[in-house]
There are 2 protein chains.
Amino acid sequence: MAKRVTLADLAEQTGLNISTISRALSRPDRVSTETRRLVEKVASQLGYATNIAARNLSRGTSDTILVLAPSFEGQAISPVFTQILLGVCEEAKSLGLNVMLQQCLGQTVSASDVIRHLQTGVADSVLLVAVENWLPPTDGHAGETILPVVSIFRDLTASGLTSVMTQEADGYVAIVDHLVARGHRQFAFVSGPEGMHHEQVRYNAVRHRLSQLGLDRKLVRLEGGPFDMPSGQKAAESFLALKNRPSAVICCSDALALGFMHAILDSGLRVPDDVAIAGFDGMDYTAFTTPSLTTVIQPTLEIGRVAVQVLTDLHNGRITTPRLVALAPSFVIRQST
Amino acid sequence: MAKRVTLADLAEQTGLNISTISRALSRPDRVSTETRRLVEKVASQLGYATNIAARNLSRGTSDTILVLAPSFEGQAISPVFTQILLGVCEEAKSLGLNVMLQQCLGQTVSASDVIRHLQTGVADSVLLVAVENWLPPTDGHAGETILPVVSIFRDLTASGLTSVMTQEADGYVAIVDHLVARGHRQFAFVSGPEGMHHEQVRYNAVRHRLSQLGLDRKLVRLEGGPFDMPSGQKAAESFLALKNRPSAVICCSDALALGFMHAILDSGLRVPDDVAIAGFDGMDYTAFTTPSLTTVIQPTLEIGRVAVQVLTDLHNGRITTPRLVALAPSFVIRQST
DNA sequence: TTGTAAGCGTTATCAT
DNA sequence: ATGATAACGCTTACAA
């Protein structure tokens, strides 16, 4: 194991002072061209690499983003999660930031936990991905100091957290309008996990649009459970048991839609002739199922990028008040409707 | 922003020496019960949190694993990747390690890059996920020192890297045997990206098994391109153009299989009656396509966990020579065959 | 068992 | 433009 090369080594080699070396490396403009060249040369010769721990200790920052995501055991968000992560990594890289990943136990994250993390200095800002609840600081000056924390997917502005997500209502409006244009008048909504905020927002978006069209009386809600395929399958059983079956089904996620469609086809009904089905998320497989699935594509990659940007803005005070950033989704009509 | 609490603060509060505080916190057994209690009490009162940078600097380690993955833009491995990541995070957490994520540009990672990272101290071991090539150290003592690096998915033991992956050949043997038992005698193999090692290994596994059964003359190979669905679709076009169509198709991934099946069904052929199709990976959607897809499930979560274990073994010298760890997959027969 | 003190490698503040 | 030097907060021999 080759001994680590330090600034002191470079100082010795060049005869310059250690502080000059440091400067030459971190602020090349604050040093003569001559020494800059010399230092760079010797540094690369000796294979110098900045010791990050030392830098962090001295600077008091870590240039690291901590990504906190609920144990993604429910496969539900995981595919979406991957895309988000990609966006986050790309943006972080371009900003010279590191990304640290940590799963969290439940659906709720508390400010005190996050503050603890920030205090250790492992990271100096935090990204919450698909976290349901946020417990604001409880100690005295609650909320006075704005934390460098951003929520992805879940609108937590009400709890004081800047949030980045898809403009979901728009997506569901597009779905409803499309189905109505296709002549459908009776609808079912396959919901996600009970009590999940998203779930509620999405259902309301559908119902609200239908009510605008005078059709909200024609909406049945089916319990879907987790955002996954088995839940969709289960919902389909309830659906098949209905005496008056709606002709169009709107699902809370693509996974639910796929599970639902699978069961419907299995039962001998035809899609979209007997039942039209729409999903939500924009999973890659939706374009290749048979029939292919009408869905709303979330701008996941962009969400990841934007979240990081907002996070840095927050971190260096360019944003001082919580805000919601909602990105437009895109609607794709496919064979299932 | 509440000023950070340091060991010095605790020392002042308790009247004890700073080193005693440090000991009480990190090696509670090396201190009297009395002081231990006192320190713990005051620490939690003041909300003390260890400064990681300082600890790392002092200890010379970071307790961090760097996960390096090729820009997952080709959606190909991404779903699998998520699962791997989950396993990695879980195991890391249970070992008290942090996980840092970084995308890398190409398919190749060089030892010098990794060594640079290790020297900065951001991480003290590295996990390569789906990295195609490894450029061993070029400087003098090449390969003398064993690096704390593990490859996931790709067997890089030949380049001196301990690797963790699925026992893929077993999976393909299972597929072949199953198809033969079903009466198939003519086969097509839809390959992955050209020149990718995996691709070759998998094809060989199929061909070898067929040759054992005296059927290797009956194998057609179709170029699939990237491990994704559009590629599968494209391969299906070549397939449909064949004058003598095989009755069974083995795909290099589930994504390819899905794309392939979509095109086949679109063309009016029936699955499995006209064409039997098998995939590989065990994506969740395979159980819910119509027809559902026969496939081989990779033990992704377990791979992630094991990789971390092996990595730590490597890191503290319990493993001194590169080895291959191949985990058994499981084969699921579904409607598509 | 507890205290003393010497690092760990950088950065930043002053002088020069 | 460069050099000395004091932090940064923790760990760890070594001494008491």
Side-chain angles (χ1 to χ4, degrees), chain A residues 1-40 42-43 46-64 96 116-122 124, chain B residues 1-40 42-43 46-64 96 116-122 124:
Chain A
M1 189 85 76
K3 208 192 63 190
R4 278 182 178 168
V5 180
T6 71
L7 287 184
D9 296 328
L10 300 189
E12 193 178 1
Q13 276 287 319
T14 58
L16 291 168
N17 185 283
I18 190 173
S19 65
T20 305
I21 307 285
S22 174
R23 236 175 281 131
L25 259 27
S26 50
R27 253 173 302 253
D29 47 313
R30 293 233 181 298
V31 102
S32 81
T33 319
E34 199 179 358
T35 48
R36 183 172 58 75
R37 293 233 179 84
L38 174 61
V39 172
E40 281 170 356
V42 178
L46 271 55
Y48 171 78
T50 305
N51 179 317
I52 297 296
R55 163 178 295 178
N56 289 351
L57 177 56
S58 181
R59 292 226 258 239
T61 66
S62 60
D63 293 343
T64 297
R116 174 100 10 135
H117 273 126
L118 294 177
Q119 279 178 338
T120 66
V122 277
D124 34 39
Chain B
M1 190 84 76
K3 207 192 65 188
R4 279 182 179 169
V5 180
T6 71
L7 287 186
D9 296 328
L10 300 190
E12 194 178 1
Q13 276 288 318
T14 58
L16 291 168
N17 185 282
I18 190 173
S19 67
T20 305
I21 307 285
S22 173
R23 240 175 277 131
L25 259 27
S26 51
R27 253 171 303 250
D29 48 312
R30 293 233 180 299
V31 102
S32 82
T33 320
E34 199 179 357
T35 48
R36 183 171 59 73
R37 292 234 180 84
L38 174 61
V39 172
E40 280 170 355
V42 177
L46 271 55
Y48 172 78
T50 305
N51 179 317
I52 297 296
R55 163 178 295 178
N56 289 349
L57 177 56
S58 180
R59 293 227 258 240
T61 66
S62 60
D63 293 343
T64 297
R116 174 98 10 132
H117 273 125
L118 294 177
Q119 280 179 336
T120 66
V122 277
D124 34 39

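FYI, side chains are in, hydrogens and waters are out, and symmetry mates aren't considered; it's all heavy atoms of this structure. In this text the structure is predicted, and so the values were computed from the model without any measurement. Throughout, protein chains are lettered first and strands after them, A, B, ... in sequence-line order, and every chain is numbered starting at 1.
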Could you state the atom-to-atom distance from [atom1] of [X] to [atom2] of [N] in whole Å?
X: B:Asp63; N: D:dT11; atom1: CG; atom2: P; answer: 11 Å
X: A:Leu16; N: C:dT16; atom1: CG; atom2: P; answer: 20 Å
X: B:Gln119; N: C:dC8; atom1: CD; atom2: C1'; answer: 16 Å
X: B:Leu25; N: D:dG9; atom1: CG; atom2: P; answer: 16 Å
X: B:Asn56; N: D:dT11; atom1: CG; atom2: C1'; answer: 12 Å
X: B:Arg30; N: D:dA13; atom1: CZ; atom2: C1'; answer: 13 Å
X: A:Ile52; N: D:dC8; atom1: CD1; atom2: C1'; answer: 15 Å

Flag the pair [X] / [Y] as yes when at least one side-chain heavy-atom distance between them is below 4.5 Å, and no otherwise.
X: B:Thr64; Y: B:Val122; value: no
X: B:Leu16; Y: B:Leu38; value: yes
X: A:Tyr48; Y: A:Leu7; value: yes

Exercise. B:Asn51 and B:Thr6: side-chain contact (heavy atoms from CB on, under 4.5 Å), yes or no, with the steps?
Worked result: CA-CA 8 Å; B:Asn51 179 317; B:Thr6 71; over 6 Å; no
Exercise. Could you walk me through whether B:Leu25 and B:Thr50 pass the side-chain contact (heavy atoms from CB on, under 4.5 Å) check?
Worked result: CA-CA 9 Å; B:Leu25 259 27; B:Thr50 305; 5.6 Å; no
What are the atom names and distances for every N/O pair under 3.5 Å that joins the protein to nucleotides 9-11 of chain C?
| residue | atom | partner | partner atom | Å |
| --- | --- | --- | --- | --- |
| C:dT10 | OP1 | A:Tyr48 | OH | 2.5 |
| C:dT10 | OP1 | A:Asn51 | N | 3.4 |
| C:dT10 | OP2 | A:Leu7 | N | 2.6 |
| C:dT10 | O5' | A:Tyr48 | OH | 3.3 |
| C:dT10 | O2 | A:Ser58 | OG | 3.1 |
| C:dT11 | OP1 | A:Arg55 | NE | 2.9 |
| C:dT11 | OP1 | A:Arg55 | NH2 | 3.1 |
| C:dT11 | OP2 | A:Ser22 | OG | 2.8 |
| C:dT11 | O4' | A:Ser58 | OG | 2.6 |

Exercise. Closer than 4.0 Å, any side-chain N/O of A:Ser32 to the OP1 or OP2 of D:dT2?
Worked result: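 True: A:Ser32 side-chain N/O within range (under 4.0 Å) of D:dT2 OP1/OP2.
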For this session: Compare side-chain N and O positions of B:Asn17 against OP1 and OP2 of C:dT4 and report whether any pair is under 4.0 Å apart.
Result: yes
Exercise. Counting only heavy atoms not in B:Glu12, do more than 12 fall under 6.0 Å of its CD?
Worked result: no
